[in-house]
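Scroll down for the structure; my scribbles are underneath it.
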Amino acid sequence: MTAPATTRAADFIRTIVAEDLRTNKWGGRVVTRFPPEPNGYLHIGHAKSICLNFGIAEEFGGACHLRFDDTNPSKEDTEYIESIQEDVRWLGFDWGENLFYASDYFDRLYAYAVQLIKKGKAYVCDLSQEEIREYRGTLTEPGRESPYRGRSVEENLDLFERMRAGEFPDGSRVLRAKIDMASGNLNMRDPVLYRILRAKHHRTGDKWCIYPMYDYTHCLSDSIEGVTHSICTMEFEDHRPLYDWVLDELGVYHPQQIEFARLNLTHTVLSKRRLLELVEGGHVTGWDDPRMPTLSGLRRRGYPPEAIRRFCERIGVAKRDSMVDIALLEHILREDLNRRVPRVMGVLRPLRVVIENYPEDRIEEMECVNNPEDPAMGVRKVPFSREIYIEREDFREEPPRKFYRLAPGREVRLRYAYFIKCVDVVKDDKTGEVIELRCTYDPETRGGDAPDGRKVKATLHWVSAPRAVEAEVRLYDHLFAQPNPNEATDEKGFKACLNPNSLAVLTSCRLEPSLREARPGSRFQFERQGYFCVDSRDSRPGALVFNRTVTLRDTWARVQKAQKKQG
RNA sequence: UGGGGUGUCGACAAGCGGUAAGUCACAGGACUUUGGCUCCUGCAUUCGGAGGUUCGAAUCCUCCCACCCCAGCCA
């Protein structure tokens, strides 16, 4: 076995794995698994589990299986199987030959059930669903034994065989484990092992009309695959005694189940049910809406998989409930994008500027650095002309305190171009809205430096008006206005705190011409604005659509906020 | 009132009997042709609470408190 490849701090699970390796508990093997049910799209909470399971396998020289927990055909679909595989691969993990389906074990699972019956540890129960619930008792009162609990092995065998043969209607009987109806752990009160369910399975078709339950299937699947560490979330801690019971009664290979706390993130929800509600309620455009915390949503939003992986490393793994500030995710995102993404100029809300002393027909190619963080990314030429666009918010007719940008009579630098000074403001006669700025430039400042050493307080991005590319830009913000939507008390529930401003569509943005051929999925930093990527679904050549992945840190915005607060 | 689990800075999270890492956030400052990046500085005399053991406790013991999960023929 190889030693851990990275020097990351060992969380309690890695500590267990390392210790097991040291004591040779599993014969030097490390086998984990990521076991999604194919009934929805993966989200960033799943990424935590994927990174944990595949990460441990990688670090300790083991293997991680991708296993679909497909025991409930009424909810599952191949659409999800495909998206899940795509997402895991996109994150950068490889299960190699280890792609499994719990449904592949149905025959063996059935045989094991027969074994349990023969051992007197399982019985066919005719109680209705409601009756089973009543017999189960409550959290504080013990349950009562089913009147069918004492059936003979022969009768159970016969009945179970006939359940499989389709002799009984859906829901009429179940196979139950015979454990302890008085257990303080509800999961041990004769849990259901098999139910009759006539549903076409996406893989086994109509072969079965009985399907095994999670608790029975999961432990045996782990056992069959030789998993060493079966890592799951905390809510399954109560199920561990049952996991152990099944394997012990059957006397088969017995992996160790270990639980960790699932991820919670501020300003979003991470439950398949709620995510599905957002999709079906039309609150988002789909599972891959860039505002969704799904991996497909984050991908479309422009998140690189490396950023998500890095995030999963940094949040750690522990057992306590936690709520990670989405600001941490965004910080790691910027950290990643800052290093790798080329800079570009794009004006989101254009304001026309005419440089009066600049020749009418002249177009100059200004040399711009592609990424100051990485000189190897080189330079590019960006055309400059008499008419340009700047950002509307970079001009204030009456500049407030600490506003360094353009204002009447004030001089600023146009990035990589010239110093310009605002000499006049043109307004719409009727509305009074500023529609154009008249400026002059200083030819001596070409490239952005003044030979006389004079300084300006601000540098603005700009785009040549005649050479600009028009594009649509979608600005995204947090899906939920409040940090924890799950705490919403409104009768509309978590949806009551959906952020009404989570999406703003800007249609006549002007971008530098180098962006004309930008490919779907490619990422850029629009200088002074944020990181953007070409939408992979709606963007077309000639009709580009960009998604804002995340804004840049904005000190000015914070200054304004503070000023506003002070009054 | 049953069973299981968890409590260390606003948020994550190290620490495992020798005197509270780190990261995000936040607040200052330096630098700056992105109000970006980077860099400095500050930010828990205290570890859910109360007792106890010990020369010494976030770490060990006792009691208490708070929060989370469990009553699907879902996973």
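Because the structure is a prediction, the values reported are computed rather than measured. Within every chain, numbering begins at 1; the chains are lettered A, B, ... in the order of the sequence lines, protein sequences first and strands thereafter.
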Query - Matching residue for F68(A) among Y101(A), Y80(A), F34(A) - test: ring pair (Phe, Tyr, Trp, His ring centres under 6.0 Å) - result: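 It is Y101(A); the other options fail the test.
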Requested in this report: Among D394(A), L406(A), T459(A), find the one that has a side-chain contact (heavy atoms from CB on, under 4.5 Å) with V412(A).
Outcome: L406(A)
Requested in this report: Could you let me know what U6(B) is paired to, Watson-Crick or G-U wobble, both distances under 3.5 Å, or none if it's on its own?
Outcome: A66(B)
Counting only side-chain N and O atoms of [X], is one of them less than 4.0 Å from OP1 or OP2 of [N]?
X	N	result
R413(A)	U34(B)	no
R314(A)	C24(B)	no
R320(A)	C67(B)	no
R310(A)	U23(B)	no
R558(A)	G35(B)	no
H461(A)	U34(B)	no
R528(A)	G35(B)	yes
R195(A)	A75(B)	yes
R136(A)	C73(B)	yes

Query raised in the report: Do Q525(A) and U34(B) have a side chain to base donor-acceptor pair shorter than 3.5 Å?
Result: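 Pair found.
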Report task. Confirm from the modelled atom types if N185(A) and G4(B) form a donor-acceptor pair under 3.5 Å, side chain to base only. Result -> no
Query - Of the listed nucleotides C24(B), C73(B), C12(B), the one nearest the side chain of V192(A) - result: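 Closest nucleotide to the V192(A) side chain: C73(B).
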**Report entry** Candidate nucleotides G35(B), C69(B), U34(B), ranked by approach to the side chain of T555(A) - the nearest
**Finding:**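 When the side chain of T555(A) is considered, G35(B) is the closest of G35(B), C69(B), U34(B).
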Requested in this report: For the residue pair Q257(A) and Y243(A), confirm or rule out a side-chain donor-acceptor distance under 3.5 Å.
Outcome: no
Query raised in the report: Judged by modelled atom types alone, do R343(A) and H461(A) share a side-chain donor-acceptor pair under 3.5 Å?
Result: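 Short answer, no.
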Report task. Identify whether a stacking contact exists between W556(A) and G35(B), where the ring centres must be under 5.5 Å apart and the planes under 30° apart. Result ->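 Given the distance and angle limits, yes, they stack.
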Query - Criterion salt bridge (Lys or Arg N to Asp or Glu O under 4.0 Å) against D190(A), the qualifying member of K121(A), K178(A), R149(A) - result: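 For D190(A), the salt bridge (Lys or Arg N to Asp or Glu O under 4.0 Å) check succeeds only for R149(A).
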Report task. Tell me which of T445(A) and D126(A) sits closer to the 5' end of RNA chain B, going by the nucleotide each one is nearest to. Result ->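 Final value for this comparison: T445(A).
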Report task. May I have the distance from F12(A) (atom CZ) to G15(B) (atom C1'), rounded to whole angstrom? Result ->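 After rounding, the reported distance stands at 16 Å.
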Requested in this report: Please work out whether G72(B) sits syn or anti, treating a glycosidic angle within 90° of 0 as syn.
Outcome: syn
